[in-house]
Amino acid sequence: MNDVIIIGAGISGLIAARQLRAANKQVVLLEGRPRTGGRALSLRIGDGAFDLGPTWVWASETQVMGLVDELGLTLFDGRKPGADVYQTATGNQHGRLPTSSVAEHRIDGGTQRLTDALTQTVGAVEFDCVATAITDHSTHLSVTTNRGEFLGKHVIAALPPRLLARSIQVDDPLTQIWRRVPTWMADIAKVVAVFDAPVWRSAGLSGRAASAVGPMVEVHDLSSRDDAHTALFGFVPRTLAGADLEQRVRTQLHQLFGPKTTPTAVHIQAWWTERLTHTGDTEAADQTLFAHPSLHKPALGGRLHLTSCETSTVSPGHLNGAIERSLTVTQQLLSLL
């Protein structure tokens, strides 16, 4: 009998496994993908890395900043000099777009370095293990998977509540709330355009843009600290994706930054195509439930706990939120086990 079964080896699941195993609890960590990290995913090209999931951490986010330092990773300010671009249907305006008042940083080598480093500290992970049901047996829970059944006194669901409610059978009224919670990034494509050099800077441009036209509604410079690897990335809402997205992205890059801004490759990570992120349904989510305190109530007799970034009221949707929520839940469990 395990003390805790953790479903999902994204950052919140990894944090939970590390905390509980450090306290000598019997833990099994299940992951449906063949890798850890969840939505923290970096595209490797040679010795360069370009983020297809989260990119930034902020100086005010103490949990993730502390973890970066503990794991021996380094941060840098990814903002580049030059003018920003605001694109409208009638043309472009150059100037400075609004920025956060808090310093934003990037992780050297890509965000996935954070979860890769964390993975090295947690021990065994059961990969390609997809949960299909969580059943209450009064004194414990069982998790049914494609690789058999696992038993535990408690279960941590370190995956989006909507995905949990719609892809894993759970007999509890709280699932009616979970199934309507928005999933961070689920309806967004992250586009990474790779270049041989930051050609937009020769025109005095920073590589940062906002657009009222699309398909990319935001664009940012994703180049490495030393510009040895150069790229731009943009966010495309699912509603603006449509057909021929890569060609439309290339056209928009020319419109924003000039005709020399021709990437050597364009990579599109449409998160709605990921079955372990998006549920595939079309029912509208209830935006008021994102980071709602009701998500902190355990289900199945107090034995099923949620820890994904969607459940944090501190930094919802951010790496920091996933860490904060996971630490909170594991502390609660350690007082019970």
Side-chain angles (χ1 to χ4, degrees), residues 2-22 25 27-41 53-54 63-64 67 111-112 114-116 118-119 121-134 141 143 145 150 152-168 170 174-175 178 181 183-186 271 274-279 290-291 295-300 303-334:
N2 294 287
D3 290 310
V4 182
I5 301 167
I6 302 170
I7 304 173
I11 192 165
S12 71
L14 292 169
I15 289 288
R18 187 173 75 151
Q19 295 296 109
L20 292 166
R21 284 174 173 165
K25 301 304 177 183
V27 175
V28 61
L29 177 56
L30 312 179
E31 171 53 51
R33 293 181 171 96
R35 63 169 179 86
T36 63
R39 285 166 282 182
L41 175 63
Q63 301 286 9
V64 69
L67 183 62
T111 302
Q112 194 177 337
L114 177 65
T115 51
D116 285 348
L118 194 56
T119 300
T121 73
V122 305
V125 180
E126 299 289 338
F127 289 110
D128 299 308
C129 189
V130 180
T132 56
I134 305 172
L141 303 180
V143 177
T145 77
F150 298 84
K153 298 173 186 175
H154 291 266
V155 171
I156 290 176
L159 69 163
R162 185 180 179 98
L163 184 66
L164 168 63
R166 292 173 180 267
S167 64
I168 300 177
V170 178
L174 286 173
T175 61
W178 300 347
V181 177
T183 298
W184 191 253
M185 291 292 290
W271 285 101
E274 290 276 331
R275 66 183 181 89
L276 294 178
T277 300
H278 196 280
T279 60
F290 189 65
L295 302 175
H296 299 173
K297 183 178 180 180
L300 298 182
R303 296 183 182 275
L304 174 58
H305 314 264
L306 309 185
T307 63
S308 73
C309 67
E310 290 83 5
T311 68
S312 173
T313 55
V314 174
S315 304
H318 291 189
L319 295 167
N320 193 74
I323 298 169
E324 176 275 327
R325 183 67 190 141
S326 188
L327 290 173
T328 298
V329 168
T330 53
Q331 288 169 0
Q332 293 169 349
L333 285 180
L334 287 173

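Index from 1, following the sequence.
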Heavy-atom side-chain proximity of [X] to [Y] below 4.5 angstrom:
X: Ile134; Y: Leu164; answer: yes
X: Ile5; Y: Leu141; answer: no
X: Trp271; Y: Leu41; answer: yes
X: Val155; Y: Val4; answer: no
X: Val130; Y: Arg275; answer: yes

Of all heavy-atom pairs between [X] and [Y], which one has the smallest distance, and what is that distance?
X: Phe150; Y: Cys129; value: CE1-SG, 3.9 Å
X: Thr313; Y: His296; value: CG2-CE1, 3.9 Å
X: Leu304; Y: Leu300; value: CD2-CD1, 4.0 Å

Side chains of [X] and [Y]: donor-acceptor distance under 3.5 Å anywhere?
X: Glu324; Y: Thr328; result: yes
X: Thr307; Y: Ser326; result: no
X: Thr277; Y: Arg33; result: yes
X: Thr36; Y: Thr115; result: no

From [X] atom [atom1] to [Y] atom [atom2], the distance as rounded to the nearest 0.5 Å:
X: Cys309; Y: Ile11; atom1: SG; atom2: CD1; value: 10.0 Å
X: Ile6; Y: Ser12; atom1: CD1; atom2: OG; value: 8.5 Å
X: His305; Y: Arg325; atom1: NE2; atom2: CZ; value: 9.5 Å
X: Leu29; Y: Leu14; atom1: CG; atom2: CG; value: 6.0 Å
X: Ile7; Y: Glu126; atom1: CD1; atom2: CD; value: 13.0 Å
X: Glu310; Y: Leu159; atom1: CD; atom2: CG; value: 9.0 Å

Can you tell me if [X] uses its side chain to pair, donor with acceptor, with the backbone of [Y] under 3.5 Å?
X: Asp3; Y: Val27; answer: no
X: Arg39; Y: Pro54; answer: no
X: Glu31; Y: Ala9; answer: yes
X: Thr330; Y: Leu327; answer: yes

Criterion side-chain contact (heavy atoms from CB on, under 4.5 Å) against Pro160, the qualifying member of Leu306, Thr183, Val181: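 Exactly one pass, corresponding to Thr183.
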Which residues pass the ring-ring contact (aromatic ring centres under 6.0 Å, His included) test with His278, sequence neighbours left out?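 Checked His278 against ring-ring contact (aromatic ring centres under 6.0 Å, His included); zero matches.
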Any residue meeting ring-ring contact (aromatic ring centres under 6.0 Å, His included) with Trp178, in chain and number order, not counting sequence neighbours: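 Here no residue qualifies.
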Hey, mind stepping through Leu114 and Val64 against side-chain contact (heavy atoms from CB on, under 4.5 Å) and telling me if it holds? CA-CA 9 Å; Leu114 177 65; Val64 69; 4.1 Å; yes
Can you tell me how the ring of His318 sits relative to the ring of Trp184, calling it parallel under 30°, perpendicular over 60° and tilted otherwise?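 Rings of His318 and Trp184: perpendicular, as their planes differ by over 60°.
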Under the side-chain contact (heavy atoms from CB on, under 4.5 Å) rule, what do Leu319 and Thr111 come out as? Steps first, then yes or no, please. CA-CA 10 Å; Leu319 295 167; Thr111 302; 3.7 Å; yes
Listed partners of Thr132 passing side-chain contact (heavy atoms from CB on, under 4.5 Å), at least two apart: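 Checked Thr132 against side-chain contact (heavy atoms from CB on, under 4.5 Å); matches are Thr144.
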